[in-house]
K.L.:
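The structure under discussion is supplied below as structure tokens; questions concerning it will follow.
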Protein chains: 2
Amino acid sequence: MTTEPAEAGRDPEAVSKFVEGFAAQLVEAGMQRMPARVFAALLASDSGTLTSAELGESLRVSPAAVSGAVRYLSQQHMVSREREPGSRRERYRVHSNQWYEALTNREAVLKRWESALREGVDSLGAGTPAGRRMAETLAFFEFVDGEIVAMMERWRVQREERFGRG
Amino acid sequence: MTTEPAEAGRDPEAVSKFVEGFAAQLVEAGMQRMPARVFAALLASDSGTLTSAELGESLRVSPAAVSGAVRYLSQQHMVSREREPGSRRERYRVHSNQWYEALTNREAVLKRWESALREGVDSLGAGTPAGRRMAETLAFFEFVDGEIVAMMERWRVQREERFGRG
DNA sequence: CGCTTCCTTCAGAAACTTGTGAAGTTAAGG
DNA sequence: CCTTAACTTCACAAGTTTCTGAAGGAAGCG
């Protein structure tokens with residue numbers, strides 16, 4: 001029995017197929033390639049954690065690439081980093097329920113759109129046709145902001161019923 | 001009185017400042033630069049329509065660039081194209097209320113994610129930890145699908161109260 | 001306290017994107 | 001039916017992005 005790489009006993013081909021396929025979807029939705037692949041690999045791991053070395057090996061990329069991808073993902077709160085006690089190894093973890101909450105936390109993006117639209121309404125004039133169009137768009141985004149919060153609360157209830165506290 | 005370019009009487013600097021600023025936000029959210037600029041220009045126009053030539057002139061880009069950007073935007077249902085009767089000119093229009101509905105029609109994106117996740121659950125096994133994590137994520141997206149539909153219905157009601165039938 | 005392992009940073013090569021000019025296509029109008 | 005205006009397509013040049021190898025830095029372990 002050798003030192004198994006945690007994810008032993010699974011068909012590496014099937015895993016890789018999923019990883020690349022899901023990553024491709026994320027890329028199409030606007031995510032950079034390497035963060036997408038790293039994230040998909042974590043999502044597909046049984047433990048939900050992988051070390052830098054494991055990621056580099058299974059994705060066939062340099063430690064530098066892993067480092068950059070992980071920095072991005074943790075800024076987006078899609079993964080967290082933890083140091084294994086008594087080791088130089090770092091583990092990266094996807095919290096199954098937290099990652100998609102991060103997805104809906106595009107709030108910062110919405111806020112910036114809103115602020116740009118507010119400036120537009122002001123500088124073009126609230127009474128002009130263009131100003132009114134922007135004001136309506138702005139109102140929509142403000143509406144969405146609130147709805148998302150409520151939606152996530154409903155989801156948390158439903159999730160607990162169906163999946164338990166995770 | 002010359003042939004005014006429809007958008008006369010506005011401070012072109014203020015308009016341009018908004019256009020570039022809003023476009024920059026769209027770019028940061030993942031949209032390509034030129035579609036973002038074209039779209040912002042339409043949003044900032046009083047009539048909500050501009051011709052290819054007007055777009056090229058105000059954004060200082062070639063007809064080719066306008067053509068490409070508009071193709072993308074109409075694929076995304078963010079603008080519609082209409083031919084001026086008895087003219088070779090094409091007009092591009094942003095329907096103020098339809099464009100952000102298109103935004104929420106990222107449904108196609110969600111559906112592809114769901115399908116990739118379903119494959120993941122199947123190929124890794126619904127009983128494995130990774131499979132369960134994917135199943136939960138999948139359930140979340142399915143939940144979101146439904147919520148978005150309901151949310152847009154609530155918005156339409158509220159919109160009519162506040163802005164009329166547009 | 002120095003060795004070693006692992007991660008990070010950085011400069012640069014390679015690959016991909018983006019926008020242009022030029023040629024091509026479509027359709028109005030004589 | 002020919003001319004001409006307007007949009008589109010295409011090949012390529014310029015500009016970005018992305019990943020790598022190499023050098024640098026932090027932290028366990030003897």
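The structure presented is a predicted model; accordingly, all values stated were derived computationally and were not measured. Naming: A, B, ... by sequence-line order, numbering from 1 per chain. Only this structure's heavy atoms are used, side chains among them; waters, hydrogens and symmetry mates stay out.
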K.L.:
Measure CD/A:Glu54 against P/C:dC7 and give the value in whole Å, please.
P.N.:
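Taking atom P of C:dC7 as the reference, CD of A:Glu54 is at 10 Å.
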
K.L.:
Write down the protein N/O and nucleotide N/O pairs, taken from nucleotides 28-30 of chain D, whose separation is under 3.5 Å; answer none if there are no such pairs.
P.N.:
{"from": "D:dC29", "atom 1": "OP1", "to": "A:Gly86", "atom 2": "O", "distance (Å)": "2.9"}

K.L.:
Say whether, by atom type as modelled, one donor and one acceptor occur between the side chain of B:Ser16 and the main chain of B:Glu13 under 3.5 angstrom.
P.N.:
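No: the side chain of B:Ser16 does not pair with the backbone of B:Glu13.
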
K.L.:
Look at A:Glu28 together with B:Arg112 and state whether they make a salt bridge at an N to O cut-off of under 4.0 Å.
P.N.:
yes

K.L.:
Judged by modelled atom types alone, do A:Thr49 and A:Arg91 share a side-chain donor-acceptor pair under 3.5 Å?
P.N.:
yes

K.L.:
Do the side chains of B:Arg159 and A:Phe140 get nearer than 4.5 Å, heavy atoms only?
P.N.:
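Not touching, per the 4.5 Å side-chain cut-off.
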
K.L.:
Considering only heavy atoms, which members of residues 19-36 of chain A lie under 4.0 Å from some atom of DNA chain D?
P.N.:
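Contacting residues: A:Gln32, A:Arg33, A:Met34.
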
K.L.:
Specify the separation, in whole Å, of atom CZ of A:Arg89 and atom P of C:dT4.
P.N.:
17 Å

K.L.:
Walk along nucleotides 8-13 of chain C from 5' to 3' and tag each nucleotide B, S or - by protein heavy-atom contact under 4.0 Å, base first, then sugar-phosphate.
P.N.:
BB----

K.L.:
How long is the line joining CZ of A:Arg91 and C1' of C:dT5, in whole Å?
P.N.:
16 Å

K.L.:
Tell me the interatomic distance from A:Leu50, atom CG, to C:dC7, atom C1', rounded to whole angstroms.
P.N.:
16 Å

K.L.:
Quick test of your reading of the model: are A:Glu84 and A:Arg89 salt-bridged, counting only N-O distances below 4.0 Å?
P.N.:
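So A:Glu84 does not pair with A:Arg89 through a salt bridge.
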
K.L.:
Quickly work out the A:Leu59 CG to D:dT18 P distance and round it to whole Å.
P.N.:
16 Å

K.L.:
Could you give the CG-to-P distance, from B:Leu55 to D:dA6, as a whole number of Å?
P.N.:
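After rounding, the reported distance stands at 15 Å.
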
K.L.:
Look at the aromatic rings of A:Phe163 and A:Trp155 and report parallel, tilted or perpendicular, splitting at 30° and 60°.
P.N.:
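Rings of A:Phe163 and A:Trp155: tilted, 30 to 60°.
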
K.L.:
Is it true that A:Glu20 and A:Arg33 make a salt bridge, defined as a side-chain N closer than 4.0 Å to a carboxylate O?
P.N.:
no

K.L.:
Output yes when B:Glu114 and B:Arg118 qualify as a salt bridge under the 4.0 Å nitrogen-oxygen rule, no when they do not.
P.N.:
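A salt bridge links B:Glu114 with B:Arg118.
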
K.L.:
Answer with yes or no whether the side chains of A:Gln158 and A:Arg154 bring together a donor and an acceptor at under 3.5 Å.
P.N.:
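Side-chain D/A pair, A:Arg154 to A:Gln158: absent.
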
K.L.:
Report the C-alpha distance between A:Glu90 and A:Arg83 in whole Å, list the side-chain angles of each, state the deciding distance to 0.1 Å, and finish with yes or no for salt bridge (Lys or Arg N to Asp or Glu O under 4.0 Å).
P.N.:
CA-CA 5 Å; A:Glu90 206 137 301; A:Arg83 183 51 73 81; 2.9 Å; yes

K.L.:
Would you call B:Arg133 and A:Asp46 a salt bridge, taking side-chain N to carboxylate O under 4.0 Å as the test?
P.N.:
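No, B:Arg133 and A:Asp46 are not salt-bridged.
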
